[in-house]
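What you are looking at is a predicted structure, and each value in this text was computed from that prediction instead of being measured. Residue numbers start from 1 in every chain, and the chains themselves are labelled A, B, ... in the order their sequence lines are given, proteins ahead of strands.
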Number of protein chains: 2
Amino acid sequence: MAQPAPIPRGVPEATVARLPLYLRALTALAERGVATVSSDELAETAGVNSAKLRKDLSYLGSYGTRGVGYEVEFLQHQISREIGLTQDWPVLIVGIGNLGHALSNYGGFASRGFRIAALVDADPQRTGEEVAGLKVRHSDDLDDVVKEFNIAIAVIATPAHAAQAVCDRLVDLGITSILNFAPAVVQVPEGVDLRKVDLSTELQILAYHEQRKNGAALALTAEQAVELAKAVGG
Amino acid sequence: MAQPAPIPRGVPEATVARLPLYLRALTALAERGVATVSSDELAETAGVNSAKLRKDLSYLGSYGTRGVGYEVEFLQHQISREIGLTQDWPVLIVGIGNLGHALSNYGGFASRGFRIAALVDADPQRTGEEVAGLKVRHSDDLDDVVKEFNIAIAVIATPAHAAQAVCDRLVDLGITSILNFAPAVVQVPEGVDLRKVDLSTELQILAYHEQRKNGAALALTAEQAVELAKAVGG
DNA sequence: GCTTGTGAAATTGTTCACAGCC
DNA sequence: GGCTGTGAACAATTTCACAAGC
C-alpha cells in the first residue's frame, strides 16, 4: 500500500523563521485597533510579499476567509500556538557583562512567551548583584539553577573564549535550545538547536553589499576582470 | 549573437552570509599557528560541511591547492578583500541605552574592518556623556555627524517606537546600509540594505523547535490530528 | 467582486561524485 | 594518494497565476 496522504506537520524552516515577523505585524495592527486584514496589507506591514505570506500561512492551516481576509486576533492566536508561546519559557542568561545586562533589560523579551528566569556569571564579584530584579548566581551553581527553574532555553552572552565551555556545560545539563551572542564559532552535538546572533557577521554582510554599491569594479579580482572583458566582448 | 559566457560576479547571498563565518574560523586557525588547512578541517572548524565550503570558496576564485589545501593567511586575506574589510568602515550607533552601550563596548566590533565612529541619542541628558571613548552627540546633529564621519553603515539601537523615524532620517541622509536591533518592523525603500538582529525572533524560533521535541502531538491542531489519524490508517 | 489557498513553474541553495591537478 | 574545483542531481524556497469560495 502506497502512502495514501501527505504526512501532515512539517512547516518549512524558512516559514518558521518568518512567523515571529507576522506575529509582530499582527500585534502592531491589533494595537491600532484593526480587526481584519488582507494578505496584501499584512504582507506590507510585515515587509514581505503577499504570495509568500499566504503560502506561509497555508502551512499552518486555513485561517483566512476568501474575499475578506484574516481576523487579526484569531490569526495572532493561531501563530502563537504554533510557535508555542501559549506556554511561557523560562530563559537563562549566562554572562552578565555589558551585553548580558542589556539583554536582561531588553524590551524584546517582554513579548509574551518568555521570562528571564535566571542570570549566571563566572565572576564572583558579580554574584549576588541584582540585575533586572534577579540575583546573579555563580556559574558553579549552573546545575542547580537549570533544575530549579526548569530551564529549556539558554542564552550565551559570555566573552568569546568562554562560549564553547559554557555551551558544553549547558548541553550536559540537558539543554537543547541555545542562543549564542558570543562572537565565536560554537559546536553542538546533533539534536541541540543552536542559533547565533552576531553583530560582526551582520556588519560584514552589509559591508559586502555596500562595497559593491559604489566603485563595483574596484572589487573585481584580476581574473574576474579578464572574464568580464571577454564577456563584454573584447 | 547569444550570451557567449556566463556573466561573472555574483556570489550567492547564502554564500555571502557564510563568508564571515569562514573568516572567523580562519582567524582562530591562524591564532593557533596553523598555516595550511584542508576543506575538511576548515569546514569542521566553521561548522559546515566541506562540499558547501568548497563550493562557496569557488565563487571567489581558485584559492586552494589540489592535494594540499588552503593557505590560511592567504585565504583570510582574499575573503577580507571580497567582503571589503581591507578598508575600514565608520559605523554610527543611534540610541545609547542599555543595548547601545553594550554594542559600543562589544568585542565583536573590534574585528578589523569596522570602527565605531560616532554615537547619537535623542535624550539631551545623555548628550555629552562619554561612552567607549566617544562623546554622545544629540540626534539633532545627526546630519552633521553623518557628514563629519562619512558614515556608511548605521546601527539602530533605539526603543521600538523610535526605530522607523530614525531609519527614515538615516535614509534621507543617504545611508544605505542599516542594522536594526530595535524589536520593530522597519520599512526601507528599494536600494537600502536593512538587516535585523532580533532577540525575540530568535527565541521564538528556538521555542518552536523546543515545543516539538517533547510532546509533539500536543501541538497538532484538531484538523491536523484528523489528517494524521487518516494517514495512519483509521 | 474580491481575496484566500495552492498546484505548477522558476529560482535559489545544497549535496554528490568525480575529473583534474598537485 | 590526496584534496580541490565543479558539473550535474537533488532539495528547498519563492513566485506566478488562477481556481475555489465567500
Test item: side-chain donor near acceptor, A:His77 and A:Glu71, under 3.5 Å: no

A:Thr65 vs A:Ala14, nearer the 5' end of DNA chain D by closest nucleotide: A:Ala14

Neighbour count above 12 (heavy atom, 6.0 Å) for B:Glu13 CD: yes

Distance test, side-chain N/O of B:Ser62 to OP1/OP2 of D:dG5, below 4.0 Å: yes

Rounded interatomic separation in angstrom, taking OH from B:Tyr59 and P from D:dG7: 10 Å

Spacing of B:Asn49 atom CG relative to D:dA11 atom P, expressed in whole Å: 15 Å

Whole angstrom value for the distance that separates P of D:dG5 from CG of B:Asp56: 12 Å

Atom-to-atom span, CG of A:Asp40 to C1' of C:dT4 - whole angstrom: 11 Å

Separation of D:dT4 P from B:Lys52 NZ (nearest whole Å): 17 Å

Gap between atoms CD and P, on B:Glu71 and D:dT4 respectively (whole Å): 14 Å

Phosphate contact (D:dC3 OP1 or OP2) by B:Ser39 side-chain N/O below 4.0 Å: no

Member of B:Leu23, B:Leu21, B:Val16 meeting the side-chain contact (heavy atoms from CB on, under 4.5 Å) criterion with A:Gln204: B:Leu23

Donor-acceptor pair present, A:Arg66 side chain and C:dT4 base, under 3.5 Å: yes

Spacing between B:Leu53 atom CG and D:dC3 atom P, to the nearest angstrom: 14 Å

B:Leu57 CG - C:dG13 C1' separation (whole Å): 16 Å

Ring-face cation contact, A:Tyr22 with A:Arg18, 6.0 Å cut, 45° max: no

Candidate nucleotides C:dA17, D:dC22, D:dT13, ranked by approach to the side chain of B:Arg54 - the nearest: C:dA17

